[in-house]
> 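For reference, the structure I am asking about is given below.
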Amino acid sequence: MGRVTLLLAGRRDQATWTAAAALRTHPDPSRRLFGAEVLRCTHLLDWSDEDAFAGPALDLFADWSAEETDLAVLTEVLVAVGEHIDPRAEAALLPHAGHPDARVRRAVAQGLSTLSSPPAFSGDARTALLRLMADPDAVVRKTACRVIAEGRDHDPVFADAMAVVLDDSDRLVQLAAVYGLALHDDERCVEAARLLGPPQRGSLEEEGYLDAVWRYEGRRDGRWNS
């Protein structure tokens, strides 16, 4: 986000919101992108209990996602949609799960993560995430794997899907699968982590993934409870 975007969003007033929302129909994609960024950030910066912009933001972004044609703007809009925990967000995200552009599919995968607060993913979200775990784009695969890993839905079908991803051609995708298996208390994470070896020097991401295996072993061996 740029300084101007943050400055305008920080106002959190109706006049700024209305002006930014009006850019949704501007013929210039850069103007539409700017409007989407201001609207998204306005909601994110509203830390009040009322969160007055949450409902209007979701309604606007959900409708916008169905009609936007510019890739950069669509990606920003879908990221904004995914920041809401609401069935309407899932309904807006899922139609784009098979989009030809990887940036859009990444936004869908990431957005489904906020919907994992219920005990289980919906059937449609489950189908989409499992498909995204086999996506041609490595970042999409890794994102989908992380969403499943960190979700509260521990159906064995997810552990088995992550076990398949252990053979992925991308090391970070493999590590995300190891991480997920560890969070799902699946013993297969231990041998997979051993085969992958220590984290690359300076990679906090790899360290975080492998740390989950160490924590799993602690739970398994009764050294701690979480």
Side-chain angles (χ1 to χ4, degrees), residues 29 33 36-37 40 61-62 64-66 68-87 89-117 120-155 157-184 186 188-189 192-193 196 199-200 203-210 212:
L33 179 60
E37 289 175 341
R40 177 187 168 214
F61 284 126
W64 192 341
S65 68
E68 182 56 57
T69 57
D70 182 82
L71 290 175
V73 181
L74 177 59
T75 300
E76 180 71 14
V77 168
L78 290 175
V79 169
V81 168
E83 290 166 344
H84 294 79
I85 303 176
D86 190 290
E90 179 179 301
L93 288 167
L94 288 175
H96 302 279
H99 194 280
D101 192 273
R103 291 172 295 175
V104 174
R105 299 195 303 275
R106 291 173 205 165
V108 172
Q110 184 59 49
L112 291 172
S113 67
T114 61
L115 305 175
S116 62
S117 290
F121 291 108
S122 72
D124 289 340
R126 171 179 299 202
T127 299
L129 285 167
L130 290 171
R131 184 169 69 246
L132 290 167
M133 282 180 67
D135 194 87
D137 183 84
V139 178
V140 174
R141 297 196 301 274
K142 183 184 75 169
T143 302
C145 194
R146 281 201 61 144
V147 166
I148 289 173
E150 295 170 354
R152 293 170 56 195
D153 190 340
H154 284 199
D155 189 301
V157 69
F158 290 131
D160 289 342
M162 289 185 288
V164 171
V165 177
L166 293 173
D167 293 325
D168 197 274
S169 59
D170 186 276
R171 176 177 168 85
L172 283 177
V173 177
Q174 291 176 303
L175 284 165
V178 166
Y179 169 71
L181 289 171
L183 293 184
H184 285 231
D186 191 297
R188 288 174 286 188
C189 68
L196 284 168
Q200 299 295 313
S203 175
L204 295 178
E205 183 176 13
E206 291 202 8
E207 289 178 8
Y209 289 149
L210 292 169

> Parallel, tilted or perpendicular: which one describes the rings of His96 and His99, with boundaries at 30° and 60°?
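Aromatic pair His96/His99 classed tilted.
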> Could you check whether Asp170 pairs with Arg141 (Lys NZ or Arg NE/NH1/NH2 to Asp/Glu carboxylate O, under 4.0 Å)?
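Salt bridge absent between Asp170 and Arg141.
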> Atom CG of Leu74 and atom CZ of Arg103: how far apart are they, to the nearest 0.5 Å?
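Nearest 0.5 Å value for the CG-CZ distance: 9.5 Å.
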> Taking all atoms of both residues into account, what is the closest heavy-atom pair of Ala149 and Leu183, and its distance?
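What the structure gives for the nearest pair is O-CD1, 3.6 Å.
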> With a 3.5 Å distance limit and no angle check, can you tell me whether Ser203 reaches the backbone of Pro199 through a side-chain donor-acceptor pair?
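Pair absent, no side-chain N/O of Ser203 close to backbone of Pro199.
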> Tell me whether Asp135 is salt-bridged to Arg105, with the criterion being a basic N under 4.0 Å from an acidic carboxylate O.
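Between Arg105 and Asp135 there is a salt bridge, with a charged N closer than 4.0 Å to a carboxylate O.
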> List the atom of Gly151, the atom of Phe121, and the distance in Å for their closest heavy-atom pair.
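Looking at all heavy atoms of both residues, the shortest contact is CA-CZ, 4.4 Å.
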> Taking atom types as modelled, find out whether Ser122 and Glu90 have a side-chain donor-acceptor pair closer than 3.5 angstrom.
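On atom types as modelled, these side chains qualify, holding a pair under 3.5 Å.
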> Say whether, by atom type as modelled, one donor and one acceptor occur between the side chain of Glu76 and the main chain of Leu33 under 3.5 angstrom.
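Here the side-chain-to-backbone pair does not exist.
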> In terms of the angle between their ring planes, are His184 and His154 parallel, tilted or perpendicular, with boundaries placed at 30° and 60°?
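It falls in the parallel class, under 30°.
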> Looking only at heavy atoms, what is the nearest atom pair of Arg40 and Phe61, with distance?
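Nearest heavy atoms, Arg40 then Phe61: N-CZ, 3.6 Å.
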> Please report the shortest heavy-atom distance between Ala159 and Asp186, naming the atom on each side.
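Smallest interatomic distance, heavy atoms only, reads CB-OD2, 3.6 Å.
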> Against Arg106, only a single residue in Thr143, Asp137, Asp101 fulfils side chain to side chain donor-acceptor pair (under 3.5 Å); can you say which?
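That would be Asp137; it is the only one of Thr143, Asp137, Asp101 passing the side chain to side chain donor-acceptor pair (under 3.5 Å) with Arg106.
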> Atom CG of Asp168 and atom CE of Met162: how far apart are they, to the nearest 0.5 Å?
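Taking CG in Asp168 and CE in Met162, the distance rounds to 14.0 Å.
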> Which heavy atom in Leu130 sits nearest to a heavy atom in Phe158, and how many Å separate them?
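Shortest heavy-atom contact: CD2-CD2, 3.9 Å.
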> For the backbone of Val73 and the side chain of Asp70, can you confirm whether one donor and one acceptor N or O come within less than 3.5 Å of each other?
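Yes: the side chain of Asp70 pairs with the backbone of Val73.
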> Side chains of Leu181 and Leu166, heavy atoms from C-beta outward: is any pair under 4.5 Å?
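In contact.
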> Do Val79 and Gln110 come close enough that some side-chain heavy atom pair is under 4.5 Å?
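The answer is no; the side chains never approach within 4.5 Å.
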> Taking all non-hydrogen atoms of both residues into account, name the closest pair between Ala107 and Thr75 and its distance.
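Scanning both residues, the minimum pair turns out to be CB-O, 4.1 Å.
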> Are Leu172 and Tyr209 close enough, and set up right, to give a side chain to side chain contact (heavy atoms under 4.5 Å, CB included), and what steps lead you there?
CA-CA 9 Å; Leu172 283 177; Tyr209 289 149; 4.3 Å; yes
> Using a strict cut-off of less than 4.0 Å between a Lys/Arg side-chain nitrogen and an Asp/Glu carboxylate oxygen, indicate whether Glu205 and Lys142 qualify as a salt bridge.
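Lys142 and Glu205: salt-bridged.
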> Find the distance between CG (Asp124) and CG (Leu94) and round it off to the nearest 0.5 Å.
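So the CG of Asp124 and the CG of Leu94 are separated by 6.0 Å.
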> Would Gln200 and Arg171 count as a side chain to side chain contact (heavy atoms under 4.5 Å, CB included) here? Give the steps.
CA-CA 10 Å; Gln200 299 295 313; Arg171 176 177 168 85; 3.7 Å; yes
> Working note: Asp160 + Arg188, criterion side chain to side chain contact (heavy atoms under 4.5 Å, CB included); need CA distance, chi angles, decisive distance, verdict.
CA-CA 10 Å; Asp160 289 342; Arg188 288 174 286 188; 3.0 Å; yes
> Give the intermediate values and the outcome of side chain to side chain contact (heavy atoms under 4.5 Å, CB included) for residues Gln174 and Val165.
CA-CA 6 Å; Gln174 291 176 303; Val165 177; 6.0 Å; no
